[in-house]
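Notes follow the structure.
Order of the sequence lines fixes the chain letters, A, B, ..., with proteins taken first and strands second; residue numbering starts at 1 for each chain.
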Number of protein chains: 2
Amino acid sequence: MTEQHIATPERNVYAADCPTRQVLDQVAHKWTVLIIGILCEGPHRYGQIARAVEGVSPRVLSRTLRDLERDGLVRRELLNASPPAVEYTLTPLGQGLEEIISPIRDWAERHLDEIHGARERFDDEAGQQDRTPWQRQKPMP
Amino acid sequence: MTEQHIATPERNVYAADCPTRQVLDQVAHKWTVLIIGILCEGPHRYGQIARAVEGVSPRVLSRTLRDLERDGLVRRELLNASPPAVEYTLTPLGQGLEEIISPIRDWAERHLDEIHGARERFDDEAGQQDRTPWQRQKPMP
DNA sequence: CCGGGTACTATCAATTTGATAGTATGATCA
DNA sequence: TGATCATACTATCAAATTGATAGTACCCGG
């Protein structure tokens, strides 16, 4: 038992060595959010998650699940089925994430049109603006 | 004006081409969360953000801010100061993110000890477990 | 005993990130 | 009249991460 949380290293999330930030970096990750989202609907097998979360490669899925398991957010259980199967479940700790992850999804869905509108406007105006008034121009190659 | 949101392509965040997921990928990003967090405290100049968010490189900061601006979440304003200065401010749309981003920080802070405890336990048990009962062992190099 | 399904890992290329240095501009200072 | 400083970036290239794809060990049903 190491005694590394007797001195909490600066309660400042913006400091590079803040432990809170390590946790944050893990949770604020695109695949994490999607995978936790799926697991909120109940336990899933590896292949089920792979098919549900479109576009995730087995390498990244495996890695993300192991990281989540490491942090105590999901539990990995080996079922003794005919072809060996593995089931992933949210731990009680992981279930707490539902309340903070679903607002993200909801927000994204609610403001989708605003955001895509802004994007189009930005891209249209792109060529006309000079973002570097203190620099002449990027030199032509 | 393209008319691409008349047919909403599958209201399924888990589909690769879902527009909600594009937004999600942007918001659920470690630097985004930290930068928005800083901007929630008020307008900041580029250098202020760079110093506040420890460890972010100018390249990534610049890129992230431009992406946020593109999505209409922050506004970039050129101040006419002696050495030209730039101020970044949350738009009303971006301000809405405070309510969903601060819960993430709070959650991470609240469950920090649990998570780090789980991590230590996992790392300790690491060598002893056999995670692949359907495979013998990884071949020794 | 062949093919299919499971849950991954290995391998390598492609993309992204990070570290660092450079640049244009004007104010200030010597 | 330079020299220096400060700002807000961009350029460049190495390093880390990700992604695509193929392979593996196991068992079962045909």
Side-chain angles (χ1 to χ4, degrees), chain A residues 16 21 25-26 28-32 34-35 38 43-69 74-89 126 129-141, chain B residues 16 21 25-26 28-32 34-35 38-39 43-70 74-89 126 129-141:
Chain A
R21 190 159 131 182
D25 290 352
Q26 174 87 240
H29 191 267
K30 68 174 190 171
W31 296 121
T32 300
L34 292 170
I35 291 169
I38 288 289
H44 282 73
R45 307 243 305 262
Y46 176 90
Q48 293 180 309
I49 306 175
R51 282 184 295 273
V53 180
E54 218 174 278
V56 68
S57 73
R59 194 185 181 290
V60 171
L61 177 54
S62 174
R63 173 74 204 224
T64 306
L65 283 170
R66 192 169 331 115
D67 288 344
L68 290 174
E69 189 195 355
V74 313
R75 192 164 42 91
R76 178 181 183 271
E77 197 177 358
L78 184 63
L79 312 173
N80 53 352
S82 47
V86 179
E87 195 179 63
Y88 291 93
T89 318
Q129 303 227 353
D130 184 10
R131 300 176 59 85
T132 59
W134 58 82
Q135 287 183 17
R136 281 288 173 236
Q137 199 81 23
K138 62 173 72 175
M140 282 297 158
Chain B
R21 191 160 131 183
D25 291 353
Q26 174 87 242
H29 190 268
K30 69 174 189 169
W31 295 121
T32 300
L34 292 170
I35 291 170
I38 289 289
L39 291 180
H44 282 71
R45 306 242 307 261
Y46 175 90
Q48 292 180 309
I49 305 175
R51 282 184 295 273
V53 180
E54 218 174 279
V56 68
S57 73
R59 194 186 180 290
V60 171
L61 178 55
S62 173
R63 174 75 206 223
T64 307
L65 284 170
R66 194 171 327 117
D67 288 345
L68 290 173
E69 190 195 353
R70 186 167 103 105
V74 313
R75 191 163 42 92
R76 179 183 182 268
E77 196 177 359
L78 183 64
L79 312 173
N80 52 353
S82 47
V86 179
E87 196 179 61
Y88 291 92
T89 318
Q129 303 227 352
D130 184 9
R131 300 176 59 85
T132 58
W134 58 84
Q135 287 182 17
R136 281 287 175 234
Q137 198 81 23
K138 62 173 71 175
M140 283 298 157

Would you mind telling me which of [options] lies closest to the side-chain atoms of [X]?
X	options	answer
Val86(A)	dT6(C), dC8(C), dC9(D)	dC8(C)
Tyr46(A)	dT18(D), dC8(C), dT6(C)	dC8(C)
Arg45(A)	dA8(D), dT9(C), dA7(C)	dA7(C)

Separation of [N] [atom2] from [X] [atom1] (nearest whole Å):
X	N	atom1	atom2	result
Leu65(A)	dT18(D)	CG	P	14 Å
Leu79(B)	dT7(D)	CG	C1'	11 Å
Arg51(A)	dG5(C)	CZ	P	10 Å
Leu61(B)	dT10(D)	CG	C1'	13 Å
Asp25(A)	dT18(D)	CG	P	12 Å
Glu77(A)	dC8(C)	CD	P	13 Å
Leu78(A)	dA7(C)	CG	C1'	10 Å
Gln48(B)	dA8(D)	CD	P	8 Å

Every protein N/O lying under 3.5 Å from an N/O of nucleotides 26-28 of chain C:
none

(request) Kindly indicate, with the supporting measurements, whether the criterion side chain to side chain contact (heavy atoms under 4.5 Å, CB included) is fulfilled by Ile35(A) and Ile38(A). (result) CA-CA 5 Å; Ile35(A) 291 169; Ile38(A) 288 289; 5.7 Å; no
With [X] via salt bridge (Lys or Arg N to Asp or Glu O under 4.0 Å) - residues at least two apart:
X	value
Arg66(A)	none
Arg59(A)	none
Glu87(A)	none

(message) Assess the residue pair Tyr88(A) and Arg76(A) against the criterion (side chain to side chain contact (heavy atoms under 4.5 Å, CB included)); give the C-alpha distance rounded to whole Å, side-chain angles, the decisive distance to 0.1 Å, and a yes or no.
(response) CA-CA 5 Å; Tyr88(A) 291 93; Arg76(A) 178 181 183 271; 3.5 Å; yes
(message) Regarding Arg63(B), tell me which of base, sugar-phosphate or nothing describes its non-hydrogen contacts under 4.0 Å with the strands shown.
(response)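 Nothing, no heavy atom under 4.0 Å.
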(request) Determine the sole option in Val60(A), Asp67(A), Leu61(A) for which the side chain to side chain contact (heavy atoms under 4.5 Å, CB included) test with Arg63(A) is passed. (result)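 Only one of Val60(A), Asp67(A), Leu61(A) forms a side chain to side chain contact (heavy atoms under 4.5 Å, CB included) with Arg63(A), namely Asp67(A).
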(message) Measuring to OP1 and OP2 of dA8(D), would you say a side-chain N or O of Ser62(B) lies under 4.0 angstrom away?
(response) no
(message) Counting only side-chain nitrogens and oxygens, does His29(A) get under 4.0 Å of the OP1 or OP2 atom of dT18(D)?
(response)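 Yes.
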Report each atom pair, protein N/O against N/O of nucleotides 18-21 of chain C, whose distance is under 3.5 angstrom.
| unit_1 | atom_1 | unit_2 | atom_2 | d |
| --- | --- | --- | --- | --- |
| dG18(C) | OP2 | Trp31(B) | NE1 | 3.3 |
| dG18(C) | O6 | Arg59(B) | NE | 3.1 |

(message) Given 3.5 Å as the limit, does a donor-acceptor pair link the side chain of Thr32(A) with the main chain of Gln26(A), or not?
(response)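 Here the side-chain-to-backbone pair exists.
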(message) Suppose we screen for side chain to side chain donor-acceptor pair (under 3.5 Å). Which residues come up paired with Glu69(A), at least two apart in sequence or across chains?
(response)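 If we apply the side chain to side chain donor-acceptor pair (under 3.5 Å) test to Glu69(A), skipping adjacent residues, the hits are Arg131(B).
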(message) As an exercise, state the distance from CG of Leu39(B) to OG1 of Thr89(B), rounded to the nearest 0.5 Å.
(response)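 Result: 7.5 Å between the selected atoms.
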